[in-house]
Protein chains: 2
Amino acid sequence: MCGSFRRTSRALTQLYEQALRPLGLRATQLTILQMLSLAGEVSQGQLGEMLTMDSTSLTRTLAIMGRRGWITARRGKDRRERRLRLASAGVTQLRSTLPVWEKVQSRLRRQLGAQAWKNLLQLTHQVTRVVKTEGGSL
Amino acid sequence: MCGSFRRTSRALTQLYEQALRPLGLRATQLTILQMLSLAGEVSQGQLGEMLTMDSTSLTRTLAIMGRRGWITARRGKDRRERRLRLASAGVTQLRSTLPVWEKVQSRLRRQLGAQAWKNLLQLTHQVTRVVKTEGGSL
DNA sequence: CCACAATACATGTATATGCATCCATATCGA
DNA sequence: TCGATATGGATGCATATACATGTATTGTGG
């Protein structure tokens with residue numbers, strides 16, 4: 001199952017990134033822009049939790065995105081935290097990226113069919129949930 | 001969809017690799033061992049095709065696995081090709097790894113249910129196939 | 001046979017990602 | 001309040017992964 005997911009991830013990532021390449025961002029970066037757009041200001045740890053990603057792995061990607069001016073970070077009341085927000089350049093980048101993303105997504109959905117699409121989203125979320133909640137004892 | 005798959009891949013990879021860590025191999029490496037075990041001798045390009053992985057990405061992983069003595073490579077009749085096989089240490093490694101892998105896998109399958117499991121395998125393969133065959137026009 | 005296009009990898013470069021470990025800060029118990 | 005512990009990130013290190021480009025080899029039309 002792990003191998004199947006990893007293989008499909010590679011295929012999907014290539015598909016999406018091929019479309020995103022002219023815009024100069026990677027799949028992970030788009031996901032982060034979308035997440036911050038939805039969530040507003042969050043800590044690095046919270047973002048990691050939302051993405052099921054090691055929060056220290058985010059340090060590097062966030063640094064790249066910070067250099068490009070897409071996000072800003074500031075210390076929170078708890079001064080260990082980095083609280084992250086979209087910067088205006090990030091909003092702009094996201095806005096110009098969404099149509100491209102949407103186009104790939106809708107074509108793929110058409111190929112797969114609405115039912116398979118829906119099942120996939122539901123099942124992937126279920127797997128993530130199960131692994132996260134039962135991971136220790138699995 | 002890409003984000004969902006990537007997130008679930010991260011979760012699954014952590015789950016499987018947590019179990020595999022004492023054995024000193026990564027998820028990708030196990031997949032390659034399994035593939036070579038099933039396929040016998042194949043070229044690097046064929047292996048990349050089977051895994052939906054850029055064949056030049058395999059160069060590094062295969063080098064690591066070669067250093068550990070798990071695989072061997074030789075030139076084919078076409079001397080540009082590297083034809084890959086499991087070495088005996090690779091067979092041994094695979095044999096000692098399979099029970100651990102099986103254990104994680106079966107527990108996860110129990111948590112998800114047989115039907116969801118089956119649907120997932122079928123759907124992920126479908127997505128991979130669609131992306132690979134229609135990728136250019138998507 | 002030969003110049004040229006195509007193929008199979010190798011290598012350079014960049015990002016993604018996780019874990020172990022370290023530092024700063026916060027929290028909590030005595 | 002002070003010392004022990006816990007928490008949030010930063011950093012070092014290793015692997016995963018893709019693409020662009022370079023190199024060796026093969027295939028091909030003339």
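Just so it is clear: chains get the letters A, B, ... in the order the sequence lines come, proteins before strands, and each one is counted from 1. Values in this document were obtained by computation on a predicted structure and should not be read as measured data.
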Item to complete: Can you tell me which residue pairs pass the salt bridge (Lys or Arg N to Asp or Glu O under 4.0 Å) test with a partner in residues 46-71 of chain B, sequence neighbours excluded?
Response: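 Pairs touching residues 46-71 of chain B that pass the test: B:E49-B:K132.
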Item to complete: Would you mind listing every salt bridge (Lys or Arg N to Asp or Glu O under 4.0 Å) that reaches into residues 30-39 of chain B, with sequence neighbours excluded?
Response: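 Residue pairs with at least one partner in residues 30-39 of chain B: there are none.
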Rounded to whole angstrom units, what separation is found between the [atom1] atom of [X] and the [atom2] atom of [N]?
X     : N      : atom1 : atom2 : answer
A:Q18 : D:dT17 : CD    : C1'   : 16 Å
B:L51 : D:dT17 : CG    : C1'   : 12 Å
A:R6  : D:dA16 : CZ    : C1'   : 7 Å

Item to complete: Report yes if at least one side-chain N or O of A:R80 is closer than 4.0 Å to OP1 or OP2 of D:dA6; otherwise report no.
Response: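 Answer no for this pair, as no side-chain N or O of A:R80 is under 4.0 Å from OP1 or OP2.
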Pair up each side-chain donor or acceptor in residues 20-39 of chain B with any protein partner under 3.5 Å, not counting sequence neighbours, and list the distances.
unit_1	atom_1	unit_2	atom_2	d
B:T28	OG1	A:R6	NH2	3.0
B:Q29	OE1	B:R26	N	3.2
B:T31	OG1	B:A27	O	2.9

Fill in: 5′-ward residue of the pair A:R79/A:I64 relative to DNA chain C
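Nearest nucleotide further toward 5': that of A:I64.
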Discussion item. Between B:S57 and A:D54, which residue's closest nucleotide on DNA chain C lies nearer the 5′ terminus?
Written reply: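 Looking at the nearest nucleotide for each, B:S57 comes out on the 5' side.
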Discussion item. Can you list, in residue-number order, the parts of residues 68-78 of chain B that come under 4.0 Å of DNA chain C, counting heavy atoms only?
Written reply: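 Output list: B:R75.
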Any non-hydrogen side-chain atom of [X] less than 4.5 Å from a side-chain atom of [Y]?
X      : Y      : answer
B:Q18  : B:Q14  : no
A:T13  : B:F5   : no
A:K103 : A:V100 : no
A:C2   : B:L15  : no

Qualifying residues under side-chain contact (heavy atoms from CB on, under 4.5 Å), relative to [X], sequence neighbours excluded:
X      : answer
B:R109 : B:E102, B:S106, B:W117
B:E41  : B:R74, B:R83, B:R85
B:A73  : B:R82, B:L84

Discussion item. Closest-nucleotide mapping onto DNA chain D: is A:A11 or B:R67 further toward the 5' terminus? I mean the 5' end.
Written reply: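 Between the two, 5'-proximity favours B:R67.
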Worksheet item: Any sub-3.5 Å donor-acceptor pair from B:R7's side-chain atoms to A:H125's backbone N or O?
Response: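 It does not hold such a pair.
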[X] near the nucleic acid: base, sugar-phosphate alone, or nothing, with a heavy-atom cut-off under 4.0 Å?
X     : value
B:L58 : nothing
A:R60 : base
A:T61 : sugar-phosphate
A:E17 : nothing

Item to complete: Could you pull out all residues at least two apart from B:R80 that satisfy salt bridge (charged side-chain N to carboxylate O under 4.0 Å, His left out)?
Response: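 So B:R80 forms a salt bridge (charged side-chain N to carboxylate O under 4.0 Å, His left out) with B:D78.
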Worksheet item: Taking DNA chain D as the partner, which of residues 90-99 of chain A come within under 4.0 angstrom of it by heavy atom?
Response: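 Going residue by residue through residues 90-99 of chain A, none turns out to have a heavy atom under 4.0 Å of DNA chain D.
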Worksheet item: In residues 26-49 of chain B, which ones come under 4.0 Å of DNA chain D, going by heavy atoms?
Response: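 When residues 26-49 of chain B is checked for heavy atoms under 4.0 Å from DNA chain D, the hits, listed by number, are B:R26, B:T28, B:Q29.
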Worksheet item: Just by distance, with hydrogens left out, do B:T128 and B:T52 show a side-chain donor and acceptor under 3.5 Å apart?
Response: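 Distance-only check fails for B:T128 and B:T52.
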Item to complete: Please list, chain by chain and in numerical order, all residues satisfying side-chain hydrogen bond (donor to acceptor under 3.5 Å, both in side chains) with A:T61, sequence neighbours excluded.
Response: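 Partners of A:T61 by the side-chain hydrogen bond (donor to acceptor under 3.5 Å, both in side chains) criterion come out as none, since no residue qualifies.
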Fill in: Opening and closing nucleotides of DNA chain C in contact with chain B, under 4.0 Å to non-hydrogen atoms
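On DNA chain C, the outermost contacted nucleotides are C:dA6 to C:dC19.
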